[in-house]
Amino acid sequence: MSSSTPNLEAVLQTLLAAFGPQHWWPAESREEMIIGALLTQNTAWKNVEKGLARLRRQGGFDFEHLRQLPRKKLEEAIRPCGYFRQKSQRLQKLAAAILNAGGLDELARRPTAKLRQWLLGLYGIGPETADSILLYTFGRPVFVIDAYTLRIARRHDWLGEKDGYDTAQQLFTRGLPSDTRLFNEYHALLVRIGKDFCRPRQPDCQTCPLAGYLPDQIFKATTDKDATKNETG
DNA sequence: CCCCAGGCGTCCA
DNA sequence: TGGACGCATGGG
């Protein structure tokens, strides 16, 4: 509820000093990036890579190929990604929708807000997947919010516990210059923090590069002896 | 054995 | 309208 405004520029400099640029380009083609954005829903990227490799062997990422590929073949290819029945259906609907809209080049002519609304209207595309596609495939300056970002922001009291996707996105969008490369880098760096330090169960605030941005009382809570159940401090 | 991973749609009070 | 719940494989 009581959230404090962070200096997000300073946070970025700290992250860059700690980790360096992540150079996070998730795939080699626009098609592969879009498919990856969908496959990674609630799924480790490691498993997504397996699925993408198998899909490449099944004939590649061309949307026309994807649309006409028998459902069972697609399911088999993306099985390692989990939720493969849902995701195969979502992928084929997405491929069909993109083809029907005239392809990626045609879609790229739309302004960001319109494109986002169009993506959100597709089955199985929520805010994170839509924004990932906007950022990585279409190069739009859209800040992607994910589970890591929400967890980090809530624990640092930049957001309240009940704040969700839109509030988090406003926080980062208002606190930073609107720049595609910057948003890409920032997102990657936050993922790094979320994986290595700001873990769900036992956050490692002592050695976390962002420790200096943690409110005192929360830092104390996370360094407590009996710190097995520190969700937020 | 457990928990977790770069969500989303559905259902029900 | 919002809080559970199902979806599913792979790794620590």
Side-chain angles (χ1 to χ4, degrees), chain A residues 1 15 19 22-27 32-55 58 71-95 97 116-138 140 142-155 159-169 171-172 180 183-204 227-232:
Chain A
M1 191 59 56
L15 291 171
F19 300 131
Q22 302 294 291
H23 298 122
W24 224 35
W25 291 107
E32 186 179 357
M33 281 190 241
I34 288 178
I35 295 165
L38 201 145
L39 291 180
T40 199
Q41 290 173 352
N42 200 37
T43 299
W45 185 257
K46 197 85 173 190
N47 290 347
V48 175
E49 286 179 329
K50 291 185 203 289
L52 288 172
R54 291 160 66 116
L55 192 53
Q58 275 285 353
R71 178 70 53 87
K72 287 295 178 187
K73 292 282 191 183
L74 182 54
E75 287 183 358
E76 189 52 37
I78 68 171
R79 177 180 286 270
C81 304
Y83 310 116
F84 57 89
R85 296 185 187 88
Q86 290 186 346
K87 287 176 177 176
S88 61
Q89 186 179 5
R90 293 174 184 183
L91 274 181
Q92 293 199 302
K93 290 193 179 219
L94 177 58
R116 187 173 197 267
Q117 281 312 115
W118 182 80
L119 288 166
L120 288 175
L122 301 179
Y123 180 78
I125 308 284
E128 182 181 342
T129 307
D131 288 341
S132 293
I133 291 171
L134 288 170
L135 178 69
Y136 292 114
T137 296
F138 292 102
R140 306 301 169 88
V142 173
F143 202 99
V144 176
I145 302 300
D146 56 25
Y148 293 126
T149 309
L150 278 177
R151 192 163 70 224
I152 293 165
R154 286 174 179 157
R155 281 180 172 166
L159 293 174
E161 282 304 310
K162 66 179 173 66
D163 287 328
Y165 194 98
D166 293 340
T167 306
Q169 190 172 51
L171 173 76
F172 285 92
T180 297
F183 287 174
N184 185 334
E185 195 62 57
Y186 215 124
H187 181 218
L189 289 162
L190 287 175
V191 169
R192 184 81 182 268
I193 287 288
K195 282 183 178 177
D196 296 345
F197 299 95
C198 206
R199 301 181 291 256
R201 291 301 163 121
Q202 288 191 274
D204 183 6
T228 50
K229 54 182 164 74
N230 283 308
E231 290 304 302
T232 66

Could you list the donor-acceptor pairs under 3.5 angstrom formed by side chains in residues 124-131 of chain A, with sequence neighbours left out?
residue : atom : partner : partner atom : Å
A:T129  : OG1  : A:Q41   : NE2          : 2.9
A:D131  : OD1  : A:R116  : NE           : 2.7
A:D131  : OD1  : A:R116  : NH2          : 3.4
A:D131  : OD2  : A:R116  : NH2          : 3.0
A:D131  : OD2  : A:Y165  : OH           : 2.7
A:D131  : OD2  : A:Q169  : NE2          : 2.8

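- The CG atom of A:L38 sits 10 Å away from the P atom of B:dG9 (whole-angstrom rounding).
- Counting heavy atoms from C-beta outward, A:V48 and A:I78 have side chains that stay 4.5 Å or more apart.
- The separation between A:K93 atom NZ and B:dG9 atom C1' is 12 Å, rounded to whole Å.
- Between the CG atom of A:D196 and the C1' atom of C:dG12 there is a distance of 13 Å, given to the nearest Å.
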Between protein and nucleic acid, restricted to nucleotides 8-10 of chain C and to nitrogen or oxygen atoms under 3.5 Å apart, what atom pairs and distances do you find?
residue : atom : partner : partner atom : Å
C:dA8   : OP1  : A:R85   : N            : 3.0
C:dA8   : OP1  : A:Q86   : N            : 3.2
C:dA8   : OP2  : A:R85   : NH1          : 3.0
C:dA8   : O4'  : A:Y83   : N            : 2.9
C:dA8   : N6   : A:Y83   : OH           : 2.4
C:dA8   : N1   : A:Y83   : OH           : 3.1
C:dG10  : O4'  : A:N47   : OD1          : 3.3
C:dG10  : O4'  : A:N47   : ND2          : 3.2

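- In this structure, A:T40 does not reach the B:dG7 phosphate: none of its side-chain N or O atoms is under 4.0 Å from OP1 or OP2.
- The separation of B:dC11 from C:dA8, taken at their P atoms, amounts to 16 Å, rounded to a whole angstrom.
- For A:F138, there are no ring-ring contact (aromatic ring centres under 6.0 Å, His included) partners two or more places apart in sequence or in a different chain.
- The separation between A:E49 atom CD and B:dA5 atom C1' is 13 Å, rounded to whole Å.
- With both ends at atom P, the span from B:dC3 to C:dC5 equals 15 Å, rounded to whole Å.
- The shortest distance between side-chain heavy atoms of A:R90 and A:Y83 does not fall below 4.5 Å.
- Counting to the nearest Å, the P atom of B:dC3 and the CD atom of A:Q202 are 14 Å from each other.
- In this structure, CD of A:Q41 is placed 17 Å from C1' of B:dC4, rounded to the nearest angstrom.
- When the options A:L15, A:D146, A:V144 are evaluated for a side-chain contact (heavy atoms from CB on, under 4.5 Å) with A:L190, the one that passes is A:L15.
- With a 4.5 Å cut-off on side-chain heavy atoms, A:R71 and A:Q89 count as touching.
- Although no hydrogens or angles enter the test, the distance criterion places a donor-acceptor pair under 3.5 Å between the side chain of A:R154 and the main chain of A:D163.
- With respect to A:K46 and A:E49, no salt bridge is recorded, no charged nitrogen being found less than 4.0 Å from a carboxylate O.
- Taking atom CG of residue A:L150 and atom P of nucleotide B:dC8, one finds them 11 Å apart after rounding to whole Å.
- Distances shorter than 4.0 Å separate some side-chain N or O of A:R201 from OP1 or OP2 on B:dC4.
- Of all heavy-atom pairs spanning A:K87 and A:G82, the tightest one is CD-O, 3.4 Å.
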Scan nucleotides 2-4 of chain C against the protein and return all N/O pairs shorter than 3.5 Å with their distances rounded to 0.1 Å.
none

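- Near DNA chain C, meaning a heavy atom under 4.0 Å away, there are no residues from residues 119-128 of chain A.
- Here the closest non-hydrogen pair linking A:N47 and A:C81 is O-SG, 3.6 Å.
- Scored by the ring-ring contact (aromatic ring centres under 6.0 Å, His included) test, A:F183 finds A:F143 as partners (sequence neighbours excluded).
- Taking 4.5 Å as the limit, some side-chain heavy atom of A:R54 sits within range of a side-chain heavy atom of A:E76.
- The CG atom of A:L91 sits 13 Å away from the P atom of B:dC8 (whole-angstrom rounding).
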